[in-house]
There are 4 protein chains.
Amino acid sequence: MDHDEIDRILDKTIPESMARRGRTTIDSLLAPVRDVLNRRIFPDRGLTDSQLELMVQILSSMDTDKDPEAARVGEREARVASPYVASLAADFNHGIGRSGQLSAPQPKAAGASLMQQVANNTALDAIRKLGLSNTKAGIVTPVSTGMSIALVLSALRREVGIKKVLYPRIDHTSPKRGIALAGLDEVQIPTVIEGDAVRVNLGEFEKSISNTEACAVLATTTFFPPRESDPVKSIARLCSEYDVPLIINNAYGVQSQEIMMQIRSAIDAGRVDAVIQSSDKNFLTPVGGSIVVSPKSELIAWVSDTYAGRASAAPVIQTLAALLSIGYERYKELQKQQLENLAQLQESLLIIAEKLGQRLLEVRNPVAFAITMDGLDVEEIGARLYNARVTGPRAVKKGDYGSSTENYPHSYIVMNAAIGARKEDIETATAKLYKEASR
Amino acid sequence: MDHDEIDRILDKTIPESMARRGRTTIDSLLAPVRDVLNRRIFPDRGLTDSQLELMVQILSSMDTDKDPEAARVGEREARVASPYVASLAADFNHGIGRSGQLSAPQPKAAGASLMQQVANNTALDAIRKLGLSNTKAGIVTPVSTGMSIALVLSALRREVGIKKVLYPRIDHTSPKRGIALAGLDEVQIPTVIEGDAVRVNLGEFEKSISNTEACAVLATTTFFPPRESDPVKSIARLCSEYDVPLIINNAYGVQSQEIMMQIRSAIDAGRVDAVIQSSDKNFLTPVGGSIVVSPKSELIAWVSDTYAGRASAAPVIQTLAALLSIGYERYKELQKQQLENLAQLQESLLIIAEKLGQRLLEVRNPVAFAITMDGLDVEEIGARLYNARVTGPRAVKKGDYGSSTENYPHSYIVMNAAIGARKEDIETATAKLYKEASR
Amino acid sequence: MDHDEIDRILDKTIPESMARRGRTTIDSLLAPVRDVLNRRIFPDRGLTDSQLELMVQILSSMDTDKDPEAARVGEREARVASPYVASLAADFNHGIGRSGQLSAPQPKAAGASLMQQVANNTALDAIRKLGLSNTKAGIVTPVSTGMSIALVLSALRREVGIKKVLYPRIDHTSPKRGIALAGLDEVQIPTVIEGDAVRVNLGEFEKSISNTEACAVLATTTFFPPRESDPVKSIARLCSEYDVPLIINNAYGVQSQEIMMQIRSAIDAGRVDAVIQSSDKNFLTPVGGSIVVSPKSELIAWVSDTYAGRASAAPVIQTLAALLSIGYERYKELQKQQLENLAQLQESLLIIAEKLGQRLLEVRNPVAFAITMDGLDVEEIGARLYNARVTGPRAVKKGDYGSSTENYPHSYIVMNAAIGARKEDIETATAKLYKEASR
Amino acid sequence: MDHDEIDRILDKTIPESMARRGRTTIDSLLAPVRDVLNRRIFPDRGLTDSQLELMVQILSSMDTDKDPEAARVGEREARVASPYVASLAADFNHGIGRSGQLSAPQPKAAGASLMQQVANNTALDAIRKLGLSNTKAGIVTPVSTGMSIALVLSALRREVGIKKVLYPRIDHTSPKRGIALAGLDEVQIPTVIEGDAVRVNLGEFEKSISNTEACAVLATTTFFPPRESDPVKSIARLCSEYDVPLIINNAYGVQSQEIMMQIRSAIDAGRVDAVIQSSDKNFLTPVGGSIVVSPKSELIAWVSDTYAGRASAAPVIQTLAALLSIGYERYKELQKQQLENLAQLQESLLIIAEKLGQRLLEVRNPVAFAITMDGLDVEEIGARLYNARVTGPRAVKKGDYGSSTENYPHSYIVMNAAIGARKEDIETATAKLYKEASR
């Protein structure tokens, strides 16, 4: 309803000054919503839940299934079993995209189409403001990081004909599945142990890139210690030199200013085709979506053309809502807290290591530390922590899969101080670790 | 809270007979919820929205992010930007699955894991009760039908080494994208025009299957007229004979008893590896998920191992909620209405055809009819229908892509009477079609 | 947001025809909401839940507590403990009214003030359309029917100095409490038994009205058989003759066209000051509000000036939402069903009476019938029905309070077929009655 | 569902340790809810919104209208127009109480009855813990403070025969309306100006109490400066001496430890029959309910017997939810912040007074200060503040009604720093006051 109409209605009923006040209030409430739809930027100040809810309702009210006059004779018309079922999709019952084009406007779903554009633009703006100012296009995908890797790789297969993926070893199933899903062959690049750290063997990498036909590279910025981030700047330079596409799996790297700076340098210094990040690990979204950004607009268009069908709108609206709820200022605060928590985690683990006669592994990681558990039953300690309601620590037994190398010489436990964690999480988890490890 | 406790609390306050009555009421309300969790079947009577909401809350309350005492030190801990953002995921903030295993129990998410098992079992039971009693395993995937085709094909590539997909021609982008995403080569099987109908050229198909190595077949049961369903029984027999995996894209075929009977016969008579159906087109779910069933349990396990990462729970809970909301009895009623609407659509189009000097195409299709628009500007009529708020008709100009053949000799418009459509939809849409076509 | 703005935003993103379609959809969705706010009438067609929700959000968004820029330095500023607590009030945290003026615009709450005006107008329009076309003003009160009687009586005490209330005997506590709360003396008018019916003794009534100073009359249209409705037309004539205010307790009479006709005649033929009706018993609202209408505008103003303080908005918005949800057409259907259910109730009870050797009492009542239970333990049967999950029957033992007379010669059970009941309610309840009474 | 059942269900699906973890989580989540229902105390730690929502759902699910098997044949059966309408009442569609007994268990509404008992007990416990440990019974009423005054006075009229109410002058309409609604005569006790303060003339009060038959006293603890609190201890002693009931209108006094101490002393030292407080002004509830407590259990029973009918459950559940949301610890923090804000308000107003050549009135008030506006157009300044989005200041022109005395020698503006206000409210409001007053 427009201003004139609200005025007219109010004026019939209540004193003019009250009417004006009522309009001022609703205008102020809606101003940030309007701003989001018009400017599509990562806002400085977050929106309230009421504002987000209003925005979602306005948008989903534009889809044709809301039209009381519509006659619907397609095979798929966003008919929904009950109001509750529709509410589970925030009423975006048509989903997003057209068959095989994730970002294409869907004629039946003007609102969802607009929503997705806003999500793409807002996510890109957030990534740019948080460090990757040299990216040009972005998309919020309704699938996991690993699946987004598959979408990007499949797009590259189709468009530039890659056949293999050079992948500096990371002991993580999802990206491997992503490579396999795209029908590509993984060429694992071995790692080396340097001090406590496990790093990609850059010599081997260069050898591989120089003699593999039709390949792309998948590099990783964030994984558990003792694995360290791949040197994306060096890798990007080599990719440029050999004209090989580079995809950076930046799963939870957005929270780290240092990592974001490295990626920006990599883009400036060499070739980077896509940077993929989890929406939940970086932006406090429920699990399910990812953000893919690129310095090259066409790559994002290719990715959009790779999802096979119309998709659930849920991961996209969740990501958009989370981005808008947080906003730039609160994100900077969350980053600050994350660094404080990380320092606290380090300190606590150092004390525990000393008490237990263990060692903190000397590994650079933006959110995590690992403490050795040599001579202890690390699997049993992990199980006990789980039962003691500590979630998320990673217990790896010497020699087991997980260290991204063969023969890592320690058992260890990793703990994270990732964005959004509370000080109490760190305090309680480390206290319980000590309790369980010293039993 | 258990019965004894509710009793104790009520007895302190209110007369004993009232307390008993209160307990009876809450028990009756929860009985179908209990039943769903225990028996995991497609219920005869649907659940109410209140019951569904309670079920969802009970389930999502078991995930660790709800534990007030938990210390969370993983890199991903279902931390969510705000309560509204969590509500967009029905509070299943951990998503579903473990990295690269869609159906694997997730230790941080007991509730979501249980939910997904219940969804898989309930969906399978629904498909079995609605015709495919000879399927043995099923999974609700959090992706579109086309993407599910990709997951199934990719699993077959990994497990049995397929390289090519024989695909009787359907002019639809999504499945082609699914084949491409899996990194497989599509071998298009040509169609023939027989009378008005466009059908797969079975002779060509047999020729292809007999001389293509390492292939699978993707057959289709539901598409727009003039394309007719593929003869899945004959194809399954050939697949059995040549030992080739057969995937049936049954996009919106669940609603049709006839098609379900054909598929059941195909399973009995030959080889069928997977049957894939849209959850929204068959079960009034918001767009975003699919149901894959199979007579072979291991195939479903392979598919579950193909999604690369943890996934959004939203499409799964939406599908489960829609299945439970409808229930078997209402589904049978919806099917009955669908057949009545289809008859009405046929009748109205026959009258219009006569008035306009056009013809109803004689094509078997479980939900749709096509009327010729020869000599008219069919694209313009389609655009006018859109503006007249008729959604879903498909206008194809003679010679244009869309008829699943070259040189189809008519322009035509397709209208659907799919499950969930109302009588008014058919009446209004056909009335407007006549108005716009006779202008 | 106004049209131009929505257009501008949509046009930036999606094709022009889609943008137009999206705007058409949201406009169509909002049209009935707009209509409600502009015209404030009982709509012919009810609004959907989504439309109601949007309307409530728009309205509550105008209250100052939603203004992000407001500086709030009163002692009461609609600060609320949590979002969930606010949601329990549909975010009308300021309540309604100013101290001691229920309908006065509240400067801090433009939205709630508007909402209440709309509620008052819509309720009046509904009552007028459903029969009392000769009423002129109305108010939705946030209190029960009995409390509304107190408000009306207290207003009459203040404005015209009444001291006593002539009250044809009804064995119901609430109205008596209403009279007492207003500090007035109840003068009970006795009843007489005529056949099976219990009716006011009109001769005694005339005697009382002719020799009581400063009194008002409280007459009743709906109560349980064997009590019949008061003859409001005759009473209104006497009230006119003696210049005595008449209040009609029309608790659940709106559903009955016959009773509404009688009240309209009473207004035309004599003096009626106020007609009070329950919102829940007539309009399927949760318990808690009432509707007071009057042929005299000043009376409603007086009532509004009698509530001592600002009130909860909840009963008012619930009443408004129920009125809008139903609309005139569905109300007429509900009335039709009510009459059918009533006929069915009569028939079933006649059969049961015959089988049990009992009798259906011959009493005119718009929604209920009573069956004798002579020689049976009627209290025990009532208790058994309660345990058998039949709610609402009224079991009265011969000689006990409840028949609105001394010495009523039967034990009996009353059952209702009131508006909103389902056929199954009647069937099940009567079947269980027979079962329990014949044990 | 009980533990064993949850276990059984989980064990069928997921590993035993996960099942245990899931149960632990849901148990921890529900533990505070259980505690509320069992112990009915003002909890130390507040409940989360999710916990509150679950509690409300459990409770409202016990009312008979939720029973799918119920046959409902009463004239009022909590039938509701639509799910959204029911949600506006948190599904407590039966309301609370029986006709004319607010706290009586309602056989159709086991859940609402339990809810109300819990609300009464929790509210009493809160009031006791926050200072009035010598009160014995309490009730949450579904009406405003002024209406609750009417209920208490009407109960006293019925039970002990009071006819008049001695009321130390307060220029506030609601309580006067409450006295009038109860049909009682107000005897206004004059005030005196002492320094800046306006206080009850205690000599006149004693004269009145000593020679008024059948009266009660209504004293006030919280009003706007320059009016100060009544000396409740002295008044209670006089009430004891003359055996006159004393009702204390403690509208927003719960937040003030000092006022609560005075009332406690008054109860110990003399006669106090009821203490009435607003739920919204003290406990951040939406406007609409009150809390009445008493050192005498029978008085609360009388009050419960005075409301004429069944009432809306909304104000009661809102009050209960707010109490539980806050909890004792957060309440103490809010009190601390209130005192800080009050100090800040004083400081800012002192500075402004000096700049403007005005004076801060020297009046004791727990939440407010008044600044003189002599020689200025105070009404115009008030209007400008309203337009400048400052809500709540009270602008009184010299000689106008509002000072609780004739001839108060100043114009002035009152600002509050009440519980729940933010520091920014005070800062912005005082800054705008200076701007507008110095224009």
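Computed from a prediction, not measured in an experiment: that's the story for all the values here. Here is the naming used below: chain letters follow the sequence lines, and residue numbers restart at 1 for every chain. Both backbone and side-chain heavy atoms feed into the values below; hydrogens, waters and symmetry mates do not.
Proximity to chain A is absent for every atom of B:R394, based on heavy atoms less than 4.5 angstrom apart. Heavy atoms closer than 4.5 Å to chain B are found nowhere in A:L323, neither backbone nor side chain. At a 4.5 Å heavy-atom cutoff, the contact between A:A421 and chain B is made by backbone and side-chain atoms alike. Neither the backbone nor the side chain of A:P175 has a heavy atom closer than 4.5 Å to any heavy atom of chain B. For A:F224, the part lying near chain B is the side chain, with the backbone staying farther off; criterion is any non-hydrogen pair under 4.5 Å. There is no contact between A:E427 and chain B, counting heavy-atom distances below 4.5 Å. For chain A, no part of B:A417 is nearby; none of its heavy atoms comes within less than 4.5 Å. Looking at A:E53, the atoms closer than 4.5 Å to chain B (heavy atoms on both sides) sit in the backbone and in the side chain alike. Looking at B:R98, neither its backbone nor its side chain comes within 4.5 Å of chain A, counting heavy atoms on both sides. The part of A:A180 that comes within reach of chain B is its backbone (N, CA, C, O), which places non-hydrogen atoms under 4.5 angstrom from that chain.
Listed options B:A308, B:G74, B:A429 were ranked by heavy-atom pairs under 4.5 angstrom with chain A; first place goes to B:A308. The choice from A:D49, A:I96, A:L88, A:I426 that makes the most heavy-atom pairs within less than 4.5 Å of chain B is A:D49. Heavy-atom pairs under 4.5 Å with chain A were tallied for B:A321, B:A89, B:S50; the largest tally goes to B:A89. Contact count against chain B (heavy-atom pairs under 4.5 Å) is highest for A:D67 among A:T64, A:D67, A:T285. For the set A:G95, A:S174, A:S278, the count of heavy-atom pairs under 4.5 angstrom toward chain B peaks at A:S174. Your options are B:A71, B:A70, B:G146, and the one with the most heavy-atom pairs under 4.5 Å with chain A is B:A71. Of the residues considered (B:A431, B:A90, B:G420), B:G420 shows the highest number of contacts with chain A, using heavy-atom pairs under 4.5 Å. When each of B:R158, B:R330, B:H172, B:M147 is checked for heavy-atom pairs under 4.5 Å with chain A, B:M147 comes out on top. Options B:I149, B:V390, B:L181, B:T173 differ in how many heavy-atom pairs under 4.5 Å they form with chain A, and the most are formed by B:L181. Per-residue heavy-atom pair counts under 4.5 Å with chain B were compared for A:A86, A:P315, A:S154, A:G289, and the maximum is reached by A:S154. Contacts with chain B were tallied for A:P83, A:S312, A:S87, A:G288; A:S312 has the most, counting heavy-atom pairs under 4.5 Å.
Side-chain N or O atoms of B:R177 include one that pairs as donor or acceptor with a backbone N or O of A:D305 at under 3.5 Å. Checked by atom type and distance alone, the side chain of B:R157 pairs as donor or acceptor with a backbone atom of A:G183 at under 3.5 Å. Using modelled atom types, one side-chain atom of A:Y386 and one backbone atom of B:P107 make a donor-acceptor pair closer than 3.5 Å. In this structure a side-chain-to-backbone donor-acceptor pair under 3.5 Å is missing from B:D425 to A:V73. No donor-acceptor pair under 3.5 Å is formed between the side chain of A:Y307 and the backbone N or O of B:V143.
Just one of B:H94, B:R310, B:R76 meets the side chain to side chain donor-acceptor pair (under 3.5 Å) condition when paired with A:D280; it is B:R76.
The CG atom of A:N282 lies 10.5 Å from the CD atom of B:E75; values are rounded to the nearest 0.5 Å. For the atom pair CD (A:Q318) and CG (B:N93), the distance works out to 8.0 Å, reported to the nearest 0.5 Å.
A pairwise comparison of heavy atoms in A:A81 and B:I326 identifies CB-CG1, 3.8 Å as the closest pair.
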